[in-house]
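Atoms within a ligand are numbered from 1 in the order they appear, just like the ligands themselves.
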Amino acid sequence: MKRITLFCLLLITCYPALAQNYDEAKVPHYTLPDVLKTTSGKTIRNEEKWEKLRRPEVLKLFEDHIYGQMPTDYDSIRYALTEDDQPLMNGKAVLKQVGVTVFRKGKSVLINVVLFVPTQARKPVPVFLLINNRGKENTDPTRAKKSEFWPAEMVIDSGFAIAAFHVSDLAPDNKDTYATGVLQKLYPEQLTKDNGMKAIGAWAWGASRVMDYFETDKDIDSKKVIVVGHSRGGKTSLWAAAQDQRFAACITNCSGNTGAALARRQFGERISRINTTFPHWFNDHYKKYNDKEGALPVDQHMLIALIAPRPVYATNASKDLWADPKGTFLALKAAEPVYALYGIKSGLPKDPPGIDQPVIGAHFGYHNREGEHNMTTYDWGNFIRFARKF
Ligand code: GTR
């Protein structure tokens with residue numbers, strides 16, 4: 001009896017994980033929504049019509065059904081800069097710490113930005129901006145702690161600036177407290193809407209406010225800001241770049257479901273699972289698509305298409321089937337028609353390249369690194385190569 005109870009308990013706890021498919025043969029037959037066909041059935045044949053008709057429509061579909069609205073109004077923004085006189089990293093970089101405070105209706109939110117600028121490079125310099133969803137020690141300004149997740153020394157040596165902010169400054173990554181940041185303080189009305197912004201929207205909003213700061217910093221080339229995110233941060237970097245066209249390029253690392261991987265493949269993590277485990281990431285409307293991927297008016301290739309003609313680099317790791325490496329590659333491929341409107345060829349092969357065989361073009365990059373779900377110096381090395389191409 002005892003054994004049976006234990007078995008049942010185990011089954012209940014493990015069922016959602018077991019229910020995920022990792023077998024290519026079991027991927028259902030699916031048809032992706034046509035990124036070039038408007039809801040009224042018109043076919044888009046050039047970039048003007050894409051930008052005027054279809055792009056706004058697709059952006060709104062993502063807002064309404066997945067990521068929520070992106071409020072852009074605020075009363076004022078203030079930057080408090082602390083700059084170290086003494087260069088760090090053997091004289092190679094200067095540290096700037098910036099407090100970005102955003103005010104609306106008498107309330108405010110503070111975003112802490114860590115920024116290293118190379119001393120040698122000609123100014124203004126391009127910058128990588130990480131949306132940090134891991135521990136704050138990963139972006140240690142003192143450099144007592146160094147992490148592959150944000151290898152500042154390596155990036156500085158390559159002549160780029162590197163910056164980061166932490167997602168908890170915008171919205172705690174917790175289903176019970178996520179609203180206590182930007183949402184309750186600046187945009188409480190978002191909390192009452194089915195298509196209101198939630199945590200991932202708030203993090204992407206934060207990336208845009210850091211972009212506001214970059215536009216005022218003479219050391220930084222604000223036309224060359226590359227937004228980077230890993231996993232949930234990679235879902236956010238895509239959404240940030242999709243809705244804020246000031247970002248020059250997007251890097252989405254192991255972002256998987258509701259990131260760069262196609263939902264309709266139902267491979268690895270699925271919408272029902274992500275909405276159950278992380279109900280605070282996406283808007284309430286998205287819950288309607290639990291186990292109903294086919295009913296979504298979009299799929300993730302259309303999110304990538306929103307970034308066109310700007311470059312996108314997507315990665316995976318070979319042991320991270322949860323994030324569906326093949327589905328990520330196929331999403332990039334399915335975004336190609338929109339880049340083609342701008343005369344851009346993706347340069348991606350027909351089939352996914354092998355493990356540790358990066359394909360790096362001027363507009364698309366993809367690799368599947370040997371190993372686990374993570375962001376490493378292998379990944380960053382390729383991001384730097386990619387950034388140099390454009
Ligand atoms: C997982 C989640 C993924 C991914 C990951 C992460 O638990 O299922 O969608 O976001 O967390 O952020 O590391």
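- His65 and His285 have tilted rings, their planes meeting at an angle from 30° to 60° on a 0 to 90° scale.
- Under 4.0 Å from ligand 1, not a single heavy atom of Arg273 appears.
- The existence of a salt bridge linking Asp219 and Lys96 is confirmed by a sub-4.0 Å separation between a basic side-chain nitrogen and an acidic carboxylate oxygen.
- Using a 4.0 Å cut-off between heavy atoms, Glu269 contacts ligand 1 through its side chain alone, with no backbone atom that close.
- The shortest N or O to N or O distance between His373 and ligand 1 is under 3.5 Å.
- Annotation: atom 7 (O) of ligand 1 to nearest protein heavy atom, Phe278 CZ, 3.4 Å.
- With respect to Phe386, the ring-ring contact (aromatic ring centres under 6.0 Å, His included) criterion is satisfied by exactly one of Phe364, Phe160, Tyr313: Tyr313.
- Residue-level proximity to ligand 1 for Ile274 is carried by the side chain, the only part with a heavy atom below 4.0 angstrom.
- Around CD of Gln86, the count of heavy atoms belonging to other residues, nucleotides or ligands within 6.0 Å does not exceed 12.
- Scanning all protein heavy atoms for the shortest distance to atom 11 (O) of ligand 1 gives Arg232 NH2, 2.9 Å.
- Comment: Arg265 engages Asp324 in a salt bridge, judged by a side-chain N to carboxylate O separation of less than 4.0 angstrom.
- Looking from atom 5 (C) of ligand 1 to the surrounding protein, the closest heavy atom is Ser231 OG, 2.9 Å.
- Looking at Trp281 next to ligand 1, no N or O pair under 3.5 Å apart turns up.
- The aromatic rings of Trp322 and Tyr22 are tilted relative to each other, their planes meeting at an angle between 30° and 60°.
- In this structure Arg78 satisfies the side chain to side chain donor-acceptor pair (under 3.5 Å) test with no other residue, sequence neighbours excluded.
- Checking only distances, Trp322 does come within under 3.5 Å of ligand 1, N or O to N or O.
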